[in-house]
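Below you'll find the structure, written out as structure tokens, and then a few comments.
Hydrogens, waters and symmetry mates play no part in the numbers below; they use all other heavy atoms, side chains included.
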There are 2 protein chains.
Amino acid sequence: MAATLHDVARIAGVSIKTVSNVINDYPHVKPDTRARVQTAIEELGYQPNLSARSLRSGLTGAITLALPELSLSYFAELADAVIRAAERAGKVVLIEQTNGDRARELEVLTSPRLKMTDGLIFSPLGMGMDDVARLEVPYPLVLLGERIFDGPADHVTMRNVEAARAATEFLIERGRKRIVVIGAHEDEVIGSAGLRLRGYMQALDAAGLEFDPALIGYTTLWHRSNGATSMRALLAMGVEFDAVFGLNDTLALGAMRAIQEAGLRVPDDVAVIGFDDLDEAQYSLPSLTTVNPGRDEIAETAVATLLQRIGDRDGAIGDARQILARYEIVERESTPPL
Amino acid sequence: MAATLHDVARIAGVSIKTVSNVINDYPHVKPDTRARVQTAIEELGYQPNLSARSLRSGLTGAITLALPELSLSYFAELADAVIRAAERAGKVVLIEQTNGDRARELEVLTSPRLKMTDGLIFSPLGMGMDDVARLEVPYPLVLLGERIFDGPADHVTMRNVEAARAATEFLIERGRKRIVVIGAHEDEVIGSAGLRLRGYMQALDAAGLEFDPALIGYTTLWHRSNGATSMRALLAMGVEFDAVFGLNDTLALGAMRAIQEAGLRVPDDVAVIGFDDLDEAQYSLPSLTTVNPGRDEIAETAVATLLQRIGDRDGAIGDARQILARYEIVERESTPPL
DNA sequence: ATGAAAGCGCTAACAT
DNA sequence: ATGTTAGCGCTTTCAT
């Protein structure tokens with residue numbers, strides 16, 4: 001059996017209170033008592049029983065991260081960043097995959113398994129504004145993504161509209177006038193697709209360019225294959241264009257493949273920009289210019305915010321906050337130099 | 001405060017034992033008592049306190065998965081598969097990232113945080129055979145990967161040598177005779193690189209082809225950029241070749257980029273095969289022929305094996321087992337048809 | 001500076 | 001079929 005406080009206390013010839021004091025760095029312990037306890041701890045290889053500690057303290061030292069799926073690079077890189085940020089704070093991360101399925105997302109919000117952790121960082125994809133009320137939960141919650149706004153929980157997200165506008169302007173500054181968008185969702189107002197499309201429109205407007213519906217490629221999912229398929233369809237219809245804005249990197253990468261298949265050159269004939277700054281955007285042929293939406297900052301802030309809420313037993317922090325990360329355009333080979 | 005067993009018992013007018021019986025599906029409970037308890041549970045929104053349950057039962061219902069990093073697609077897809085398999089068994093997964101750093105890996109093996117879970121699925125990258133003794137741990141452990149063999153723990157892995165041999169033979173069958181390998185590690189005997197290189201040699205041998213050291217591209221890491229760099233170096237040296245075996249998919253993808261940059265055609269001038277069957281292998285240009293090493297089966301088996309060990313309180317299962325998944329070659333566009 | 005003891009919420013052995 | 005009760009190992013008043 002694993003050693004307990006009592007075992008350590010017995011070996012060290014002190015009470016369990018003293019051992020506890022040593023472990024928790026309570027200041028008033030005589031140096032030589034402390035040393036004796038330390039020796040006993042090492043001798044026994046004592047490690048505290050975390051279940052017991054949790055039961056007593058009500059805190060587990062773990063947080064849950066719920067996201068659609070790790071096979072999507074964006075979420076894998078987000079999870080990586082969240083785990084690193086949590087680790088820096090000495091916390092550990094439990095991952096739930098929802099597949100972006102609304103029912104599963106709602107289920108996760110009330111799952112008993114959440115009690116294994118102190119709070120939830122939640123990146124929904126299937127839920128919408130109608131489900132806002134479901135976010136009134138009795139535990140600390142930080143929301144990610146663009147499915148819900150002004151909900152009852154802290155929300156950390158990116159500047160979708162501004163960043164998409166900047167991406168579009170980046171193409172316009174380089175002389176492109178007929179800019180295809182890949183990945184739009186019919187009638188979506190919020191959600192990443194809706195917001196980024198709005199940014200696109202704003203940029204056209206500001207530049208005095210006319211919006212042409214023929215330039216919009218709709219896809220339901222945002223995988224590489226959807227980008228390629230959508231692009232091929234546009235190509236087949238004979239639409240004329242000189243640039244492509246992929247609403248995320250995988251779409252842009254897929255579209256870039258279709259463009260090259262058709263014998264067009266990137267960036268000479270068609271300039272391409274993506275959104276997300278995935279690791280692989282550096283390694284495509286040509287490498288992909290894209291928007292870094294501040295993923296690391298989002299992860300960092302989400303963890304910090306959640307931990308604040310967890311530590312805030314008497315609601316001193318106040319109302320739900322909206323936090324926006326800084327974005328940045330990363331220029332690579334898929335767009336021409338200025 | 002959250003409701004407890006006592007609250008439910010009081011409302012339902014029974015003892016906590018009865019409530020506990022209902023929750024744990026103990027058979028001998030009168031139907032109407034059960035109904036009364038159920039009503040009380042719903043009324044109070046009772047959810048069991050998992051810390052208390054863990055303290056009492058010694059089991060948490062969670063497992064740890066320790067891997068290098070989620071930003072590497074292979075591990076993201078592995079984690080995805082492990083989480084799904086665990087979920088099917090009603091277990092939850094906590095993820096630790098080691099960055100493939102040996103010191104960090106050894107640290108994870110003895111971390112107190114492991115006590116938050118019932119066992120560990122461990123995919124080391126920095127540890128080696130010298131560290132085998134460190135795997136004698138006082139908790140259920142299942143090992144993944146090719147860093148350690150015949151250790152004291154169950155080991156689930158892929159048929160590296162056979163699969164690499166099959167990949168090489170696949171190229172030979174298509175008439176290729178000068179096959180470059182990208183991603184070799186100097187003097188490595190075990191490890192993915194060492195094993196796969198051995199499979200390559202075996203295939204050459206069996207086909208009566210001579211091994212040419214000039215065809216081996218060494219890289220320390222297995223990112224896309226390493227594949228591209230290594231390939232460019234070989235190209236610059238004027239080495240002649242008609243095929244490339246990337247020891248993993250990202251290397252192959254990087255190499256393919258360098259090949260195309262050099263004006264060579266895939267698969268006509270150079271056939272390319274990878275290893276891993278990542279999602280993105282389907283979407284490259286051309287799509288990548290590769291080896292599916294049985295990742296889903298590995299994840300499934302690792303979880304099942306770990307849960308068996310966890311449930312096996314009196315060591316009835318016996319010694320450490322070695323389990324090998326089935327592999328399969330997935331033919332795509334980067335190799336010519338037979 | 002240290003000790004004694006209560007109790008977090010649950011499970012399970014033991015009663016009835 | 002249901003109730004009583006003793007801990008699981010820890011933190012934390014309250015004493016000393």
Nearest of dT11(C), dC8(C), dA1(C) to any side-chain atom of Lys30(A)?
dA1(C)

Non-hydrogen atoms of Leu278(A) and Glu77(A) that approach each other most closely
CA-OE1, 3.7 Å

Taking only N and O in the side chain of Thr18(B), is any of them less than 4.0 Å away from OP1 or OP2 of dT2(D)?
no

Report yes if the side chains of Ile11(A) and Tyr46(A) come closer than 4.5 Å at any heavy-atom pair, otherwise no.
no

Consider only side-chain N and O atoms of Glu146(B) and Asn160(B), and report whether a donor and an acceptor are under 3.5 Å apart.
yes

Electrostatic pair Arg104(B):Glu107(B) at N-O distance under 4.0 angstrom
yes

Ile16(A) CD1 to dG7(C) C1': how many Å, rounded?
12 Å

Where the side chain of Leu55(A) is concerned, which of dA5(C), dC10(C), dG9(D) is the nearest nucleotide?
dG9(D)

Roughly, in whole Å, what's the span from CG in Leu5(A) to P in dT12(D)?
12 Å

It should be established whether Ser57(B) places a side-chain nitrogen or oxygen under 4.0 Å from OP1 or OP2 of nucleotide dT11(C).
no

Measure from CG on Leu50(B) to C1' on dC8(D) and round the result to the nearest Å.
16 Å

Starting at atom CD of Gln47(A), determine the distance to atom P of dC10(D), rounded to an integer number of angstrom.
11 Å

Short side-chain N/O contact from Ser54(A) to OP1 or OP2 of dC8(C), under 4.0 Å
no

Counting just side-chain N and O atoms, does Ser15(A) come under 4.0 Å of either OP1 or OP2 of dG3(C)?
yes

Is the shortest side-chain N/O distance from Thr33(A) to OP1 or OP2 of dA1(C) below 4.0 Å?
no

Answer yes or no: does a side-chain N or O of Asn21(A) lie under 4.0 Å from OP1 or OP2 of dA1(C)?
no

Would you indicate which nucleotide in dT11(C), dT12(D), dT11(D) comes nearest to any side-chain atom of Lys17(A)?
dT12(D)

Arg56(B) CZ to dA13(C) P, in whole Å, measures 8 Å

Of Ser20(B) and Arg34(A), the one whose closest DNA chain C nucleotide lies more 5':
Arg34(A)

Rounded to whole Å, how long is the line connecting atom CG of Leu59(A) with atom C1' of dG9(D)?
17 Å

Whole angstrom is fine here: how far is it from CG in Asn49(A) over to P in dC10(C)?
17 Å

Rounded to whole Å, NZ of Lys115(B) lies from C1' of dC8(D) at a distance of 13 Å

I'd like to know whether Ser71(A) forms a side chain to side chain donor-acceptor pair (under 3.5 Å) with Asp279(B), so could you lay out the CA-CA distance, the side-chain angles of the two residues, the decisive distance to 0.1 Å, and finally the verdict.
CA-CA 8 Å; Ser71(A) 295; Asp279(B) 215 51; over 6 Å; no

